[in-house]
Amino acid sequence: MNEMTQAARFVGQRVPRKEDRRLLTGNGAYTDDITVPGMLHAAFVRSYIARGTIKSINTDAAKALPGVHAVYVADDLRTLDIKFLQLYSSPTAPAPAMWPLADGRIAHVGEPVVIVLADSRALAEDGAALVEVDYESEEPVVTLEQARALTKAIHPDLGVKPADTMIVPSDDAMAETFAKAAHVVTGTIRHQRQAHSPMETRGVVAQPKGTGELTVWVSCQSPHMAARYLSEAFNLPAHSIRVIAKDVGGAFGLKVQLWREEVAAVAAALIANRPVKWIEDRLENLTSANQAREQEVTVKLALDADAKLLAADLEYHSNIGAFPHGIGANALGMMMFPGPYRLPRLSVNANAYFSNTCGEAAFRGPWMVESLARETMLDVAARQIGIDPLEIRRRNLITREEQPFTTCMGTVLNWVTPRETLELAVEKIDVAAFRAEQAKARTEGRYLGLGFATYVEPTTMNMGGVLSSEWAQVQVEPTGKVTAVISTHSQGHGTETTMAQVIADELGVPFNDVSVFEDDSSRGSFGAGAGGSRQAVAGGGAAIHAIAILKAKIKAIAAHLLNASADAVEIESGMIRVKGVEEMTTSLASLAATAYFETPRLPPGMEAGLTAQYRYSPPPFVFSNATHACVCEVDRDTGVVKILRWVASEDCGVMINPSVVEGQIAGGVTQGVGGVLMEQIRYDADGNPTAATFKDYLVPGIFDMPEIEYCHMITPADNPGGFKGIGEGGAIIGPPTIINAVADALSPFGVRTLDLPLSPPRLLALMDGAEAK
Amino acid sequence: MKAAPFDYVAPDSIEAAVDHLARGGGESVVLAGGQTLMPLLALRMATPSVVVDINRIAELSGVSRLDGATRVGATTRQATILTDPTIAAHAPTLAQAVRNVGHHQTRNRGTVGGSVSLGEPAAELPATALALEAMIETRSPRGTRRIAAGDFYTGPYSTVLEPDELVVALHYPDLPANTLTLVHEVARRPGDFALTGFIGAFTVDGGAISRARISWLAMGPTPMRSPKAEAALVGQRVGQIDLDEIGRLAASETDPMDDGHASADYRRTAGARIFRRAVGQALETR
């Protein structure tokens with residue numbers, strides 16, 4: 001299965017994306033593009049206190065406003081049996097009781113308290129403004145430090161304790177390793193809270209139909225997952241719920257599962273028996289949606305005299321807010337800490353804490369914090385030991401020859417090229433020339449820096465549960481054209497194109513003859529869709545398997561019709577040939593017509609039609625890897641960081657479409673750089689979010705990144721097609737790369753570790769403080 | 001969010017616009033390019049009863065010469081400033097400043113009068129009006145008046161404009177010969193509101209500075225002038241100026257605030273340093 005059975009004609013090519021014409025001409029179908037007859041618009045009254053209780057709610061004035069149809073509080077939804085599911089919670093972590101609307105207690109600013117349905121969103125907001133809520137406020141738990149103090153229960157039902165704890169214990173051997181190590185290096189890395197800020201915010205249109213049937217358009221990462229979620233949340237049969245999500249403008253983990261507002265809008269539609277639309281606005285998105293990354297890791301490394309890693313100890317703390325999508329202390333992230341390095345021993349003490357802030361959600365590259373901690377601390381270690389940061393990597397990175405390599409956490413690495421991508425990046429940068437330029441610049445009072453960082457990512461993770469499999473159906477239509485339904489889903493990933501490239505090559509048909517559908521839960525079969533960089537491997541794998549079945553059938557029919565051996569039949573460019581007998585060439589369309597409409601001519605007993613499907617269960621991990629390098633300048637007068645060069649040297653195996661691969665890397669790197677330099681969700685002491693618009697929440701734009709220089713290595717893994725995931729890598733490795741570059745620039749100032757974000761005031765203060773000493 | 005209900009009028013004359021403002025009695029708001037007002041309406045941070053759209057008043061738009069000054073109509077788009085030949089010939093500093101105002105798209109809508117009359121302390125055009133000693137021409141039921149930019153601002157988003165008074169045009173007087181103008185700022189991203197920044201106009205006669213104007217953005221509740229630093233510069237010979245000292249003096253005359261993006265200390269420190277660097281480079285390269 002590993003080899004492409006056809007010469008690759010489309011895989012590996014920069015095929016223009018099928019979806020771009022509709023997206024670039026304003027003809028996409030995002031959730032807010034959906035209008036259905038009789039639709040009402042929802043707006044929420046949200047809590048302006050961070051912690052406390054609701055004493056009373058008066059909705060009379062809102063209900064009396066012309067144009068307002070319904071105003072529901074928590075109790076009004078009790079006619080429905082609604083259950084909240086945390087699909088990705090740690091099995092050891094108990095979940096707080098949840099209800100779509102605040103049910104007596106308030107746990108963060110922005111909690112939805114009342115839903116107002118009206119003829120327009122403006123009228124719904126007019127109505128919401130007339131609702132009076134009387135709160136009794138309590139002092140909130142806001143910061144990670146406050147949350148760690150464990151003085152107050154955020155959720156009374158869960159008591160006062162960490163939300164989750166994960167421990168990989170230390171032992172005597174570990175203690176001895178640290179005691180005898182030539183070098184012990186410690187440091188703490190802090191990442192501020194970041195918002196996903198997708199271009200398309202969350203949104204839903206729910207249309208009840210008949211008795212208990214429901215069509216839901218929702219901005220999500222998989223229509224199948226959304227349908228399953230709703231069927232379980234509302235205790236409705238899965239077949240009665242149809243979820244449609246044609247185009248989604250970014251998700252990044254925020255839309256992995258539906259949350260309170262989407263569920264409240266669906267509940268309101270069911271109770272009102274009217275279609276309801278809710279489109280999250282940017283203010284809601286930045287102040288009420290789930291967020292990510294408020295994390296702190298203290299790393300202790302033991303190294304021998306040759307700077308070889310002996311052991312690492314991690315202490316991890318994370319503020320996961322009031323209602324996280326999944327409750328956990330990042331166990332898998334911690335276990336990925338060894339990354340692509342020979343690290344014999346690891347101990348971990350990881351803790352997650354609830355607080356009176358927006359809940360945590362997965363965010364592109366959930367392993368990001370371990371790579372951030374490891375890669376920045378390797379640079380700290382190199383400086384402490386007195387060797388080049390490249391040298392410490394060269395001495396510890398595993399090579400191709402050592403694979404398969406089992407890490408101290410039991411993960412098996414194979415088909416990865418961390419060392420090789422590092423050398424490629426080094427060559428591209430021309431390190432010697434840079435160091436000369438850097439030295440000259442310093443004499444002029446200019447501070448240039450160069451940073452490298454390397455990672456492996458376990459893509460397409462299959463640890464059971466909803467991520468176990470993906471499904472594909474490939475069908476040759478009576479016209480000879482090919483339609484495929486795949487349980488992948490696009491938030492802009494280009495899967496409509498990349499899957500068509502795979503199918504065109506595997507089946508032997510023109511790319512333009514292939515149409516891919518992934519937008520409708522009523523079409524096709526369950527799959528988790530986007531998440532964990534899995535679509536090329538899992539969706540592509542399912543398609544390749546289905547095509548193998550379909551091709552065998554096509555060949556059997558052709559052999560029967562043409563009186564040839566099935567082994568001699570070839571399919572190429574939509575034509576069917578018999579090897580060596582050119583005059584027997586016929587079209588796939590003609591064979592399809594027979595399969596559908598002249599069934600007596602088919603081999604005896606064969607199923608009519610030309611359809612095949614396959615549910616593919618990928619291996620536990622398919623590792624991709626990369627080394628990134630960044631050259632930056634820190635302005636001595638202002639602390640402003642300017643990125644001058646960015647090299648991405650990566651290996652995602654067989655690239656289906658290099659432009660899509662590079663687009664994923666560029667987006668991820670930019671998001672990661674945003675998290676390091678600009679993006680910061682801030683709360684004041686009362687728990688009010690203070691970065692409520694894009695004036696205050698700074699997302700990097702096109703001018704903030706240089707053109708990325710790409711180096712591609714192609715080391716196929718042993719899965720069908722040899723693909724590896726690439727969707728998150730840029731976001732994982734972008735942050736440590738830029739941090740290491742800034743730290744290198746500031747090395748004359750004796751800077752060790754850097755807290756995020758690296759804002760101009762913080763960097764200027766570091767430089768001024770160092771010079772004042 | 002969606003705007004709260006309001007009445008909308010789009011008069012086609014200044015008189016009619018002023019009349020609407022007068023009848024609005026402080027509950028009316030002027031819509032020019034909408035780059036600030038529309039988000040404020042959508043966020044319901046502004047809830048006027050009447051929005052008076054002045055975009056259809058032809059005489060409010062355009063650039064002309066009048067009495068040794070360049071007159072810029074209030075609804076002249078910021079994008080126009082970048083291409084207008086009269087601006088290029090007589091008020092190029094305005095174009096320098098506009099390059100830092102927002103982005104290509106926002107400059108196609110945003111107006112000069114809108115930005116000047118809003119009085120965002122971190123915006124470029126109010127500080128430019130101050131440095132260039134622009135006169136602000138207004139109309140109200142009581143007639144026309146001209147207000148010096150230095151008398152115009154009273155606080156953040158706050159000016160001496162009466163509720164029924166409309167900014168009609170800006171008059172930018174010609175600068176003396178041999179005047180060097182500088183626009184420099186520190187912003188997190190191109191087009192963002194500045195963390196600190198200044199507009200400088202320095203006239204050099206016979207190797208010495210004969211006239212200096214310095215105004216700051218994002219360094220106080222309003223755009224701020226630095227009169228002591230201006231006075232200290234006059235008479236100094238180019239190449240012998242202690243720009244460290246002048247920069248610190250100039251920044252010390254400001255009154256910046258802490259916010260989520262930067263502290264007052266940062267603004268003063270970085271402001272003084274970009275002043276030193278930019279003025280130093282500009283005077284050296286003359």
Side-chain angles (χ1 to χ4, degrees), chain A residues 41 43-44 46 65 67 118 120-126 128-130 279-284 287 445 635-642 674 677-684 689-705 757-765 767-768, chain B residues 1-6 35-36 38-45 47 100 102-106 120 122-123 184-197 218 243-244 247 251 256 258-281:
Chain A
H41 297 259
F44 290 98
R46 295 180 181 277
L65 187 73
S120 70
R121 172 66 181 247
L123 280 166
E125 289 182 18
D126 292 347
L130 295 173
I279 301 295
E280 181 180 52
D281 64 28
R282 190 58 63 186
L283 177 71
E284 291 180 287
T287 60
D635 189 316
R636 178 64 189 88
D637 287 336
T638 63
V640 170
V641 176
K642 183 161 179 56
L677 297 181
M678 302 175 187
E679 299 184 35
Q680 184 174 19
I681 288 290
R682 295 183 300 263
Y683 288 89
D684 68 14
T690 59
T693 70
F694 279 156
K695 182 171 182 264
D696 288 317
Y697 189 79
L698 307 180
V699 177
I702 190 94
F703 301 113
D704 301 304
M705 282 298 296
L758 304 182
S759 64
R762 179 169 277 157
L763 294 183
L764 189 64
M767 292 186 286
D768 285 353
Chain B
M1 286 183 81
K2 307 290 182 194
F6 56 80
Q35 296 307 295
T36 301
M38 296 311 288
L40 289 180
L41 288 172
L43 288 163
R44 298 191 178 215
M45 289 166 75
T47 52
N100 294 289
H103 304 271
H104 184 78
Q105 292 87 341
T106 65
E120 155 70 51
H184 275 271
E185 63 178 51
V186 181
R188 298 290 296 272
R189 301 171 302 187
D192 275 353
F193 285 113
L195 300 180
T196 177
L243 284 169
D244 264 342
D258 295 338
D259 71 11
H261 296 297
S263 65
D265 273 352
Y266 172 84
R267 292 171 200 276
R268 274 207 194 87
T269 306
R273 289 182 187 171
I274 63 165
F275 181 91
R276 175 195 64 195
R277 182 157 80 186
V279 177
Q281 283 169 0

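Lettering of chains follows the sequences in order, A, B, ..., and the numbering in each one begins at 1. Excluded from the calculations below are hydrogen atoms, water molecules and symmetry mates; all remaining heavy atoms, backbone and side chain alike, are included. Quantities reported herein were computed from a predicted structural model and do not represent experimental measurements.
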Exercise for the section: Please flag which part of Leu283(A) lies under 4.5 Å from any non-hydrogen atom of chain B: side chain, backbone, both or neither. Expected result: side chain

Handout entry: Option in Ser759(A), Ala691(A), Pro761(A), Ala43(A) with maximal non-hydrogen atom pairs under 4.5 Å from chain B
Key = Pro761(A)

Problem - Side chain to side chain, Pro700(A) and Arg189(B), heavy atoms closer than 4.5 Å - result: no

Practice task
Report yes if some heavy atom in the side chain of Pro190(B) is under 4.5 Å from a heavy atom in the side chain of Asp704(A); otherwise report no.
Solution key: yes

Exercise for the section: Please answer whether the main-chain N or O of Met1(B) pairs with a side-chain N or O of Arg121(A) as donor and acceptor at a distance below 3.5 Å. Expected result: no

Handout entry: Part of Arg282(A) lying under 4.5 Å from any heavy atom of chain B
Key = neither

Exercise for the section: Check whether Ser120(A) gets within reach of chain B through its side chain, its backbone, both or neither, counting any heavy atom under 4.5 Å. Expected result: neither

Exercise for the section: For the residue pair Glu679(A) and Pro757(A), establish whether any side-chain heavy-atom pair is separated by less than 4.5 Å. Expected result: no

Practice task
Taking heavy atoms only and a threshold strictly under 4.5 Å, list by residue number the residues of residues 268-277 of chain B that touch chain A; give 'none' if the list is empty.
Solution key: Thr269(B), Ala270(B), Arg273(B), Ile274(B), Arg276(B), Arg277(B)

Problem - Derivation and outcome, side-chain contact (heavy atoms from CB on, under 4.5 Å), residues Leu698(A) and His261(B) - result: CA-CA 10 Å; Leu698(A) 307 180; His261(B) 296 297; 4.0 Å; yes

Fill in the blank from the handout: Comparing Val641(A), Asp635(A), Val640(A) against chain B, the one with the most heavy-atom pairs below 4.5 Å turns out to be Asp635(A)

Completion exercise
Nearest heavy-atom approach of Leu43(B) to Thr693(A) is CD1-CG2, 4.0 Å

Problem - Backbone N/O of Lys2(B) and side chain of Arg44(B): donor-acceptor pair under 3.5 Å - result: yes

Problem - Main-chain N/O of Ala122(A) paired to Glu125(A) side chain as donor or acceptor, under 3.5 Å - result: no

Problem - Contacting moiety of Leu677(A), where chain B heavy atoms sit under 4.5 Å - result: backbone

Practice task
For the residue pair Pro760(A) and Leu195(B), establish whether any side-chain heavy-atom pair is separated by less than 4.5 Å.
Solution key: yes

Practice task
Would you check if the side chain of Tyr266(B) reaches a backbone N or O of Thr638(A) as a donor-acceptor pair within less than 3.5 Å?
Solution key: yes

Problem - Pairs of heavy atoms under 4.5 Å with chain B: top-ranked of Glu284(A), Arg762(A), Lys695(A) - result: Lys695(A)

Handout entry: Interface residue of largest heavy-atom contact number with chain A, from Ala262(B), Pro5(B), Gly260(B), Ser263(B), under 4.5 Å
Key = Gly260(B)

Fill in the blank from the handout: Under 4.5 Å to a heavy atom of chain A? For Asp259(B) that would be neither

